[in-house]
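Here is the structure we will look at, set down as structure tokens.
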Protein chains: 2
Amino acid sequence: MRVLGVDPGLTRCGVGVVDGSIGRPLTFVAAGVIRTPADDDLPQRLLGVEQGIERWLDEHRPEAVAVERVFAQHNVSTVIGTAQAGAVAVVCAARRGLPVVLHTPSEVKAAITGSGRADKAQVGTMVARLLRLEGPPRPADAADAVALAICHIWRGGAQARVARAQQEFARKVESVRWANER
Amino acid sequence: MRVLGVDPGLTRCGVGVVDGSIGRPLTFVAAGVIRTPADDDLPQRLLGVEQGIERWLDEHRPEAVAVERVFAQHNVSTVIGTAQAGAVAVVCAARRGLPVVLHTPSEVKAAITGSGRADKAQVGTMVARLLRLEGPPRPADAADAVALAICHIWRGGAQARVARAQQEFARKVESVRWANER
């Protein structure tokens, strides 16, 4: 499964692509940031984020997109820009019919390092280790986006297995019911 | 000038279209709300807002779009959804090359009622009076969107006059400079 992770932001929107599945080594594909000038007005900046996300989707053709979930408890001065950039990324993916999942920062940290309270350096170190890179992707927003993609491969895979098991169970119940009603 | 006002929200996104220019009577064109089901997931809801805004843009062909500016001081539990829905509306308009302007709630209230601290009922009453309607558009989100459009016609018009005056002045300065350099 190929996943695009997005760490949303107006000034720097981190993007990272990882291939992988549970229990197999992960493969690093690409990482970077979409930047929009701070002195552009909001419509131009959001349009810049949209065009950047579209380019990453076109170029890397991910099968799912993982976006960081924004909370109001975050730094209030940046939370609105983060929510706005994230919304643009979510819509770009949804418009293509791609599954989009939101993961909280602590879910990502827990998935990557084993602790929901790990710091940025620890996440970067583990990203580099898991992907067999010489160092974490730079800047930090790119590393965070890659961490989101890894988190999604691991958690999303587990979620998909649960969903399949539930469908399987529902099918069995249905066929028993059908047999009883005949 | 035809303006689409957008009072962003995930549950109810108010939209209202008004024709007008400064010093002329305003004409009410249409108002309504775009609703997305609270039990849909975020990608589906944002996609629903996008599709709704696109329909209003297609149907009414506004020349400008006015969106309410979101502040972090607002109710923190709803501010993120509001920022996300607003971002989608802003991108829809920017993608078509339409000018998008953000107005704060107090700018809108001051434009419509003369007081930045007017309550919703007062704004609704003035919207109905200015547009010669029997009552304010319903629900309140639709009335707020119409108020945004009116605010934009009045403020936007003033802003456009200032911009034109500045251009005119710059042209004169330029022609004086050109004459001096000959």
Side-chain angles (χ1 to χ4, degrees), chain A residues 4 6 8-10 13 34 36 40-54 57 62 64-104 152 156 159 163, chain B residues 4 6 8-10 13 34 36 40-54 57 62 64-104 152 156 159 163:
Chain A
L4 170 68
V6 180
L10 282 177
C13 180
I34 299 161
T36 71
D40 272 12
D41 61 7
L42 181 71
Q44 285 312 307
R45 298 187 83 179
L46 291 177
L47 208 53
V49 171
E50 178 176 75
Q51 288 162 351
I53 296 287
E54 289 288 345
L57 291 171
V65 177
V67 182
E68 189 177 297
R69 188 186 293 277
V70 191
F71 283 110
Q73 299 93 298
H74 281 190
N75 181 347
V76 286
S77 69
T78 60
V79 72
I80 290 175
T82 309
Q84 289 168 325
V88 169
V90 165
V91 167
C92 287
R95 219 187 282 134
R96 294 180 185 226
L98 293 173
V100 188
V101 180
L102 302 162
H103 300 285
T104 66
H152 185 70
Q159 285 160 359
Chain B
L4 170 68
V6 180
L10 281 178
C13 180
I34 299 160
T36 71
D40 271 12
D41 61 6
L42 181 71
Q44 285 312 309
R45 299 187 81 180
L46 291 177
L47 209 53
V49 171
E50 179 176 74
Q51 288 163 352
I53 296 287
E54 289 289 344
L57 292 171
V65 177
V67 181
E68 187 177 296
R69 188 185 291 277
V70 191
F71 283 109
Q73 299 94 295
H74 281 190
N75 181 349
V76 286
S77 68
T78 60
V79 72
I80 291 176
T82 308
Q84 289 168 325
V88 169
V90 165
V91 167
C92 287
R95 219 187 283 134
R96 295 180 183 225
L98 293 174
V100 188
V101 180
L102 302 163
H103 300 284
T104 66
H152 185 69
Q159 284 160 0

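Chain letters run A, B, ... following the sequence lines, proteins first and then strands; every chain starts at 1.
Contact check for B/Leu102 versus A/Leu42: side-chain heavy atoms found under the 4.5 Å cut-off. When side chains are defined from C-beta on, A/Glu50 counts as touching B/Arg95, because their heavy atoms get closer than 4.5 Å.
Residues that satisfy the side chain to side chain contact (heavy atoms under 4.5 Å, CB included) test with A/Pro99, not counting sequence neighbours, are A/Ala64.
Test B/Val67, B/Val100, B/Leu98 against A/Pro43 for side chain to side chain contact (heavy atoms under 4.5 Å, CB included) and you get one pass: B/Val100.
One finds the CG atom of A/Leu47 at 10.5 Å from the SG atom of B/Cys92 (value rounded to the nearest 0.5 Å). Considering CZ of B/Arg69 and CD1 of A/Ile80, their distance stands at 10.0 Å, rounded to 0.5 Å.
Listed here is the closest heavy atom pair of B/Gln84 and A/Ala83: CG-O, 3.4 Å.
With a threshold of 4.5 angstrom between heavy atoms, B/Val88 approaches chain A through side-chain atoms but not through N, CA, C or O.
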